[in-house]
Enquirer: 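Dumping the structure here so I can ask a few things about it.
What you are looking at is a predicted structure, and each value in this text was computed from that prediction instead of being measured. The figures here come from the full heavy-atom set of this structure, side chains too, leaving out hydrogens, waters and symmetry mates. The chain is numbered in sequence order, starting from 1.
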Amino acid sequence: MDAPTPAEGAESYYFTHNPPPKSLQSNVTLAREFIHRHADEGRRVVLVTSGGTTVPLESQTVRYIDNFSAGTRGATSAEYFLEEGYAVIFLHRQFSLLPYSRHYSHNTRSFLDFMKEDNGRVVVDEQHQAEMLRVLRQYTAAKRDNKLLILSFVTITEYLWELREVAKLMRPLGPNALFYLAAAVSDFFVPHDRMVEHKIQSSEEFNADSSANGLPSGKVPAARTEGRSLIIDLEPVPKFLKQLVDGWAPEGMIVSFKLETDPSMLVKKAQYSLERYAHHLVIGNLLMTRKWEVVFVSEMDGEKWIRVPRNRRTRSISGIEALIGKAAAAAAAKGQSVESPTLTAEVLEGDPAQEIESLIIPAVAEMHTKMIAQATNK
């Protein structure tokens, strides 16, 4: 028998030393039934991961480190995958945005502002009736046809356990499996055997006895008080993403994301991720322009920019529209090939604002179709 690779060794150690979430078995049962149903019908299945992962500092968690993400990209993308005919497993950070309800839960207005009382009954305000009816019908259809399965995680360890087990369940789908990894995953974590049991105290004298916090003798807590300082000693999360290609679901199409803040680094980092993890597509986006433009980097199509037309861009409080095109210009300045942006075929005056996911998902689905054809013709 061949010796395990470093990645396989890291995977085995991680899952041996970091216990699974209590909900894992029930979620695996739900996912297995969902996947088998759609496999029997010959339907493509996509696993969409969404939202940020937390890194708990204590077993009985009071303090934790979080990743920035409301889950907008994942929740929005899930809706467009359903429009493309996919069955969707939506693995999301608990309480982050959900498909369809996102239209009303992530708003500066209260959800109750969309309603009013009419003769003792709660009804939707007239100005929101048409849009809410459209969203409700889409959601009802997805649930009626059993095309949407919603699972959740909170911590980085819960996320990795869920991802691995669902990916293995999707392996029999072969090339009909698609992984759309939009979750903001922590790069560092606190190992279970270095995590204190109880709340980290603000005074060092209350943390002097490691046994009181459930650690084996001689183990230094990863998060601890030293004098007036809180010291947090994190370890890197093993790089499991390549395991999707090599071991968990080797025939499925894998799409991952690379978020950057520096335009000069975006394309380079996306290309690096593509080569390192051997995924089929890396979607690069800048923090300040992610709602308006992304870059596709793949072996199949090279580099391709997707942008929402100027007069159809959604509003963004945190976005900086002037940065659109800066990453492409930076890549060109470094001698990298830069293709023209992909836009909608026709832009009509007065068209409503367009979500960039309405451009991303059809492009991903088209690439997936080509990959399935290639696998079939082998």
Enquirer: For R310, does the CZ atom have more than 12 heavy-atom neighbours from other residues, nucleotides or ligands under 6.0 Å away?
Expert: no
Enquirer: May I have the step-by-step check of salt bridge (charged side-chain N to carboxylate O under 4.0 Å, His left out) for R37 and D145, ending in yes or no?
Expert: CA-CA 11 Å; R37 179 190 310 118; D145 299 335; over 6 Å; no
Enquirer: List the steps and the verdict of side-chain contact (heavy atoms from CB on, under 4.5 Å) for V267 and E303.
Expert: CA-CA 9 Å; V267 174; E303 178 187 322; 3.6 Å; yes
Enquirer: Do Y86 and H368 have their ring centres less than 6.0 Å from each other?
Expert: yes
Enquirer: Decide, yes or no, whether a salt bridge links R171 with E251 under the criterion of side-chain N to carboxylate O below 4.0 Å.
Expert: no
Enquirer: Roughly how far apart are K370 NZ and D301 CG, rounded to 0.5 Å?
Expert: 5.0 Å
Enquirer: Verify whether one side chain among R73 and N285 offers a donor that lies under 3.5 Å from an acceptor in the other.
Expert: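 R73 vs N285: donor-acceptor pair found between side chains.
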Enquirer: Compute the ring centroids of Y14 and F189, then answer whether they are less than 6.0 Å apart.
Expert: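 When the ring centroids of Y14 and F189 are compared, they turn out to be within the sub-6.0 Å range.
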Enquirer: Mind telling me whether W248 and F240 have parallel, tilted or perpendicular rings, with 30° and 60° as the class edges?
Expert: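 Judged by the thresholds at 30° and 60°, the geometry between F240 and W248 is tilted.
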Enquirer: Run the side-chain contact (heavy atoms from CB on, under 4.5 Å) test on E197 and Q60 for me, step by step, so that the C-alpha distance in whole Å, both residues' side-chain angles and the decisive distance to 0.1 Å come before the verdict.
Expert: CA-CA 6 Å; E197 174 68 21; Q60 297 189 43; 2.9 Å; yes
Enquirer: Before giving the answer on side-chain contact (heavy atoms from CB on, under 4.5 Å), spell out for K147 and H38 the whole-Å C-alpha distance, their side-chain angles and the decisive distance to 0.1 Å.
Expert: CA-CA 8 Å; K147 290 184 179 178; H38 294 292; 4.0 Å; yes
Enquirer: I'd like to know if the side chain of S77 pairs up with that of Y180 as donor and acceptor (distance under 3.5 Å, no hydrogens or angles considered).
Expert: yes
Enquirer: Give a yes or no on whether E299 atom CD has more than 12 heavy-atom contacts from other residues, nucleotides or ligands under 6.0 Å away.
Expert: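 Count not over threshold, so no.
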Enquirer: Does the side chain of S298 come within less than 4.5 Å of M367's, by heavy atoms?
Expert: yes
Enquirer: Between E162 and R164 (salt bridge meaning N to carboxylate O under 4.0 Å), is one present in this structure?
Expert: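 Answer for the salt bridge query: no.
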Enquirer: Hey, could you give me the CD1/CG distance between I156 and D66, rounded to the nearest 0.5 Å?
Expert: 11.5 Å
Enquirer: Check whether the side chains of S186 and T53 place a donor and an acceptor atom closer than 3.5 Å, and report yes or no.
Expert: yes
Enquirer: Closest approach of V28 and E165, non-hydrogen atoms and distance?
Expert: CG2-CB, 3.9 Å
Enquirer: Under 4.0 Å between a side-chain nitrogen and a carboxylate oxygen: does that hold for D233 and R194?
Expert: yes
Enquirer: Around atom CZ of R134, are there more than 12 heavy atoms of other residues, nucleotides or ligands at under 6.0 Å?
Expert: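 Check passes, neighbour count above 12.
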Enquirer: What I want to find out is whether K291 reaches E355 closely enough, with some N-O distance under 4.0 Å, to be called a salt bridge.
Expert: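 No, K291 and E355 are not salt-bridged.
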Enquirer: Is the count of non-hydrogen atoms from other residues, nucleotides or ligands lying under 6.0 Å from F15 atom CZ greater than 12?
Expert: yes
Enquirer: If we only count heavy atoms from C-beta on, is the T76 to R102 side-chain gap below 4.5 Å?
Expert: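 Yes. Closest side-chain heavy atoms under 4.5 Å.
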Enquirer: Output yes when R44 and E84 qualify as a salt bridge under the 4.0 Å nitrogen-oxygen rule, no when they do not.
Expert: no
Enquirer: Counting only heavy atoms from other residues, nucleotides and ligands, does the tally under 6.0 Å from CZ of F114 exceed 12?
Expert: yes
Enquirer: Closest approach of A10 and P238, non-hydrogen atoms and distance?
Expert: CB-CB, 3.9 Å
Enquirer: Do I324 and I320 share a hydrophobic cluster, counting only Ile, Leu, Val, Met, Phe, Trp and Tyr and linking them when any side-chain heavy atoms are less than 4.5 Å apart?
Expert: no
Enquirer: Side-chain donor-acceptor pair under 3.5 Å between S152 and H92, yes or no?
Expert: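 S152 vs H92: no donor-acceptor pair found between side chains.
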Enquirer: Once you round to the nearest 0.5 Å, how far does OH of Y277 lie from CD1 of I254?
Expert: 12.5 Å
Enquirer: Would you indicate whether R315, at its atom CZ, is surrounded by more than 12 heavy atoms from other residues, nucleotides or ligands within a distance under 6.0 Å?
Expert: no
Enquirer: Does F68 form a side-chain contact (heavy atoms from CB on, under 4.5 Å) with L287? I'd like the steps, not just the answer.
Expert: CA-CA 11 Å; F68 160 76; L287 179 64; 3.5 Å; yes
Enquirer: Do L178 and F81 make a side-chain contact, defined as non-hydrogen atoms from C-beta onward lying under 4.5 Å apart?
Expert: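 Sidechains of F81 and L178: in contact.
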Enquirer: Is any side-chain N of the basic residue among K239 and D187 closer than 4.0 Å to the acidic one's carboxylate O?
Expert: yes
Enquirer: Assigning hydrophobic clusters by single linkage (Ile, Leu, Val, Met, Phe, Trp, Tyr; side-chain heavy-atom cutoff under 4.5 Å), is V55 placed with L259?
Expert: no
Enquirer: Distance alone, cut at 3.5 Å: any donor-acceptor contact between the side chains of S264 and D262?
Expert: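 Yes, because at least one side-chain N or O of S264 sits under 3.5 Å from a partner of the opposite role on D262.
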Enquirer: If you measure from the Lys or Arg side-chain nitrogens to the Asp or Glu carboxylate oxygens, is any gap between E58 and K199 under 4.0 Å?
Expert: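 No, no charged N to carboxylate O under 4.0 Å.
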Enquirer: Go through the side-chain N and O atoms of E79 and H103 and say whether any donor and acceptor fall under 3.5 Å apart.
Expert: yes
Enquirer: Starting at OH of Y139, measure out to CG of L98 and round the result to the nearest 0.5 Å.
Expert: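 With rounding to 0.5 Å, OH (Y139) is 8.5 Å from CG (L98).
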Enquirer: Check whether any side-chain heavy atom of I89 lies under 4.5 Å from a side-chain heavy atom of V48, and answer yes or no.
Expert: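 Not touching, per the 4.5 Å side-chain cut-off.
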